[in-house]
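Reviewing the structure listed below.
Note that these values count all heavy atoms, side chains included, but never hydrogens, waters or copies made by symmetry. So that the names make sense, note that chain A is the first sequence line, chain B the second, and so on, each numbered from 1.
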Number of protein chains: 2
Amino acid sequence: MSKSVTVHDIAKLANVSSATVSRVLSNSDYPVSEKLRTRILKIAEEVNYVPNLLGKQLKKNSTMTIGIIIPSIINPFYSSVVFGVEEVARQEGFTVFACNSLQDPELEDEYIQTMMEMQVKGVIVSSITTNKEKLKRLIEMNMNVIAIDQKLDEEGISQIEFDHHKGGFLAAKYLQGKGHTRIGYVTTKLNRPSRKGICRGYMDAMKEAGLEPFVEEYRSDEPFNPIFEFETGRELARRMMGGDRPPTAIFACNDLLAFGVIHELRVRGLQVPSDVSVMGFDGIDVGQMIHPPLTTIKQPDYEMGKMACRMLVDMTMGKDKPMFNVTLQPKLLERHSVRDLNG
Amino acid sequence: MSKSVTVHDIAKLANVSSATVSRVLSNSDYPVSEKLRTRILKIAEEVNYVPNLLGKQLKKNSTMTIGIIIPSIINPFYSSVVFGVEEVARQEGFTVFACNSLQDPELEDEYIQTMMEMQVKGVIVSSITTNKEKLKRLIEMNMNVIAIDQKLDEEGISQIEFDHHKGGFLAAKYLQGKGHTRIGYVTTKLNRPSRKGICRGYMDAMKEAGLEPFVEEYRSDEPFNPIFEFETGRELARRMMGGDRPPTAIFACNDLLAFGVIHELRVRGLQVPSDVSVMGFDGIDVGQMIHPPLTTIKQPDYEMGKMACRMLVDMTMGKDKPMFNVTLQPKLLERHSVRDLNG
DNA sequence: TTGTACGCGTTATCAG
DNA sequence: CTGATAACGCGTACAA
């Protein structure tokens with residue numbers, strides 16, 4: 001990098017003090033004569049002045065950066081969240097630093113550390129770590145933190161939750177309403193609050209209807225990857241259909257898994273929804289592009305990102321740090337992967 | 001944020017100079033007695049010392065940050081690219097700052113400006129701006145820049161290209177090889193080098209075979225959004241099948257478009273591939289999850305990201321800035337959306 | 001081995 | 001209105 005030009009350089013060229021230059025170039029409201037202002041602006045333009053944010057931020061002891069930690073950006077759900085975050089961050093003049101924890105607690109902690117060192121104004125985190133040491137530390141240091149997606153039991157942290165339980169309940173009830181009684185639930189490892197929530201919702205709905213729950217859980221928890229989820233869906237469908245009392249409807253803990261289920265059913269010569277019905281969870285865009293379009297539970301990803309960022313920005317603005325606890329509600333996206341057994 | 005503790009604070013607590021503290025806490029190889037070292041480390045631990053990167057970077061006049069500009073992170077293709085970039089960045093101790101240009105030239109320029117101010121070490125850019133003023137400026141300032149995906153005609157810029165032309169050619173040839181003669185090409189607006197490249201490849205293959213090309217272009221260029229692409233695919237398929245000589249195979253400029261094409265065909269009661277064959281372009285993961293699994297041209301997104309980052313890191317390391325111009329080759333992913341008319 | 005002192009680029013304070 | 005100067009937190013010559 002060629003030596004960059006500073007306010008001092010410009011000051012010399014304009015025969016003024018660097019203070020004046022700074023006042024002009026940082027759009028301070030401090031009065032500077034029009035003559036000087038235009039002269040300085042002109043010179044800055046000529047020499048291609050680029051302000052050094054590091055100096056500025058160090059001086060002001062404040063950045064306009066927020067961090068976000070998600071499991072993986074290649075998960076369409078999370079990329080929508082990040083997209084939403086960036087959207088409002090940009091409007092508010094913030095810059096966002098996004099990190100993939102890859103479901104690795106160590107990596108998650110590392111990134112939190114990096115963010116602290118970067119002096120970010122706040123962090124949005126979808127944490128999968130069970131040991132929240134680092135996260136607690138963050139909050140202790142009075143950092144603005146918002147947890148999304150994964151519920152945290154820590155004190156003093158604002159959260160945007162999603163009612164996974166209700167989502168699972170809703171799905172099971174919907175299937176029951178369509179006349180299904182033998183309803184299976186396939187899920188990735190039940191090691192996260194969100195996943196447990198959906199599962200319990202499903203169980204409760206089944207119990208309430210006096211139906212026998214039927215759950216298949218994939219027990220290993222590999223690094224996230226859409227294809228892996230898809231394959232997991234296939235595997236779980238295989239298990240579920242292999243038994244002596246196969247279900248008439250399969251509910252999956254996420255859409256990608258549901259894609260795998262549908263694929264596997266087709267491979268086995270079964271039609272969806274005429275032979276077996278399938279429901280997903282999340283409501284990612286591609287769900288409506290496949291065949292049949294997937295009936296699913298919508299989790300407002302993009303809106304969640306926007307809301308999280310908005311809340312974070314508000315927190316950084318206000319002197320006091322009000323605690324919020326928003327709970328977003330599930331919505332059923334009725335498409336064409338479920339058959340009505342009543343009619 | 002509570003007042004953060006600095007090397008000076010620790011120096012006072014340990015009754016040593018801040019220089020010594022700095023030497024210890026920054027893992028300098030400068031000799032410090034074991035006794036002092038452990039004492040300082042202990043105190044730093046106790047007071048929750050967090051180094052301030054701004055001070056450090058300002059002093060060293062160098063960051064470990066690289067920037068990447070893409071049209072949109074919710075495009076699965078780009079999220080894979082970014083994922084690849086982050087992967088090697090992390091290994092190399094770099095931090096990445098990702099921005100969505102939303103296909104807006106002004107926004108792209110704004111982000112380039114921000115990156116310069118942030119003192120990033122290098123920039124990876126998939127630029128859609130036609131006026132490359134800002135980008136040229138970047139290069140003039142001796143910044144490390146790598147263009148990906150979209151070919152730039154500027155001088156002095158390293159690029160990772162993809163042979164779109166060959167990809168388009170390959171696809172058309174493949175369809176011809178399967179006995180198709182009436183092959184349509186549907187594409188979003190032909191305003192980018194990449195899109196033009198694919199189209200020309202298709203045209204050349206058709207000409208070579210003495211076949212009449214049949215292109216439908218969607219002329220408006222809306223902000224990127226998977227659903228929008230899908231709908232565009234539907235619209236284009238509608239037009240294409242509405243004519244008096246509908247094609248037996250439709251080749252789409254990207255996979256999402258192809259999804260839309262397939263959907264529309266199904267709505268019209270046409271089976272893929274038995275009635276009409278469909279090919280996509282990009283090779284995003286979901287292509288194998290739909291029905292029928294999409295035959296497509298693979299553009300190595302993740303690998304492209306990794307390679308770009310690796311090159312950038314190498315550039316920042318070496319004193320000299322060697323110019324690279326890698327051209328990645330297309331690969332045909334043969335799945336089940338194309339019917340063989342020969343057999 | 002440790003300490004002193006300066007400077008990185010910027011802005012804020014205070015004096016003129 | 002303008003200028004000199006200190007300070008943000010850190011690393012590092014240079015001196016001790």
Open item on the list: I'd like to know if the side chain of B/Ser18 and the backbone of B/His8 have a donor-acceptor N/O pair within less than 3.5 Å.
Closed with: no
Open item on the list: Nearest heavy atom decides the nucleotide; on that basis, is A/Arg37 or A/Ser18 closer to the 5' end of DNA chain D?
Closed with: A/Arg37
Task: Given DNA chain D, 5'-ward residue of the pair A/His8 and A/Pro31, judged by closest heavy atom - done: A/Pro31
Open item on the list: Suppose we screen for salt bridge (Lys or Arg N to Asp or Glu O under 4.0 Å). Which residues come up paired with A/Lys306, at least two apart in sequence or across chains?
Closed with: none
Nucleotide nearest [X] (side chain, heavy atoms from C-beta), chosen from [options]:
{"X": "A/Lys59", "options": "C/dT11, D/dC10, D/dC1", "value": "C/dT11"}
{"X": "B/Ala19", "options": "C/dA5, C/dT10, D/dA15", "value": "C/dA5"}
{"X": "A/Lys60", "options": "D/dT12, C/dT2, C/dA12", "value": "C/dA12"}
{"X": "A/Tyr30", "options": "D/dC1, C/dC8, C/dT1", "value": "D/dC1"}

Rounded to whole angstroms, how far apart are [atom1] on [X] and [atom2] on [N]?
{"X": "A/Arg39", "N": "D/dT2", "atom1": "CZ", "atom2": "P", "answer": "9 Å"}
{"X": "A/Asn15", "N": "D/dA4", "atom1": "CG", "atom2": "P", "answer": "11 Å"}
{"X": "B/Met118", "N": "C/dG9", "atom1": "CE", "atom2": "P", "answer": "18 Å"}
{"X": "B/Glu34", "N": "C/dT1", "atom1": "CD", "atom2": "P", "answer": "10 Å"}
{"X": "A/Asn52", "N": "D/dC10", "atom1": "CG", "atom2": "C1'", "answer": "14 Å"}
{"X": "A/Asp9", "N": "C/dT10", "atom1": "CG", "atom2": "P", "answer": "9 Å"}
{"X": "B/Lys35", "N": "C/dT1", "atom1": "NZ", "atom2": "P", "answer": "12 Å"}
{"X": "B/Gln57", "N": "D/dC10", "atom1": "CD", "atom2": "P", "answer": "12 Å"}

Within the 4.0 Å heavy-atom criterion, would you say [X] contacts the bases, only the backbone, or no part of the nucleic acid?
{"X": "B/Leu58", "result": "base"}
{"X": "A/Thr6", "result": "sugar-phosphate"}
{"X": "A/Ser33", "result": "sugar-phosphate"}

Task: Aromatic plane relationship, B/Phe83 with B/Tyr302 - under 30° parallel, 30 to 60° tilted, over 60° perpendicular - done: tilted
TODO: Please tell me which of A/Val7 and A/Arg23 maps to the more 5' nucleotide of DNA chain C, matching each residue to the nucleotide holding its nearest heavy atom.
DONE: A/Val7
Task: Whichever of A/Lys56 and B/Leu36 has its nearest DNA chain C nucleotide further upstream toward 5' - done: B/Leu36
Can you see if the side chain of [X] gets near the phosphate of [N] - specifically, an N or O under 4.0 Å from OP1 or OP2?
{"X": "B/Ser17", "N": "C/dT2", "value": "no"}
{"X": "A/Ser22", "N": "C/dT10", "value": "no"}
{"X": "B/Tyr49", "N": "D/dC10", "value": "yes"}

Task: Derivation of the side chain to side chain contact (heavy atoms under 4.5 Å, CB included) call for A/Asp301 and A/Val81 - done: CA-CA 5 Å; A/Asp301 39 22; A/Val81 173; 4.0 Å; yes
Open item on the list: As an exercise, state the distance from CD1 of B/Ile68 to SG of B/Cys99, rounded to the nearest 0.5 Å.
Closed with: 9.5 Å
TODO: Let me know which of B/Gln150, B/Arg192, B/Glu108 forms a side-chain hydrogen bond (donor to acceptor under 3.5 Å, both in side chains) with B/Ser127.
DONE: B/Glu108
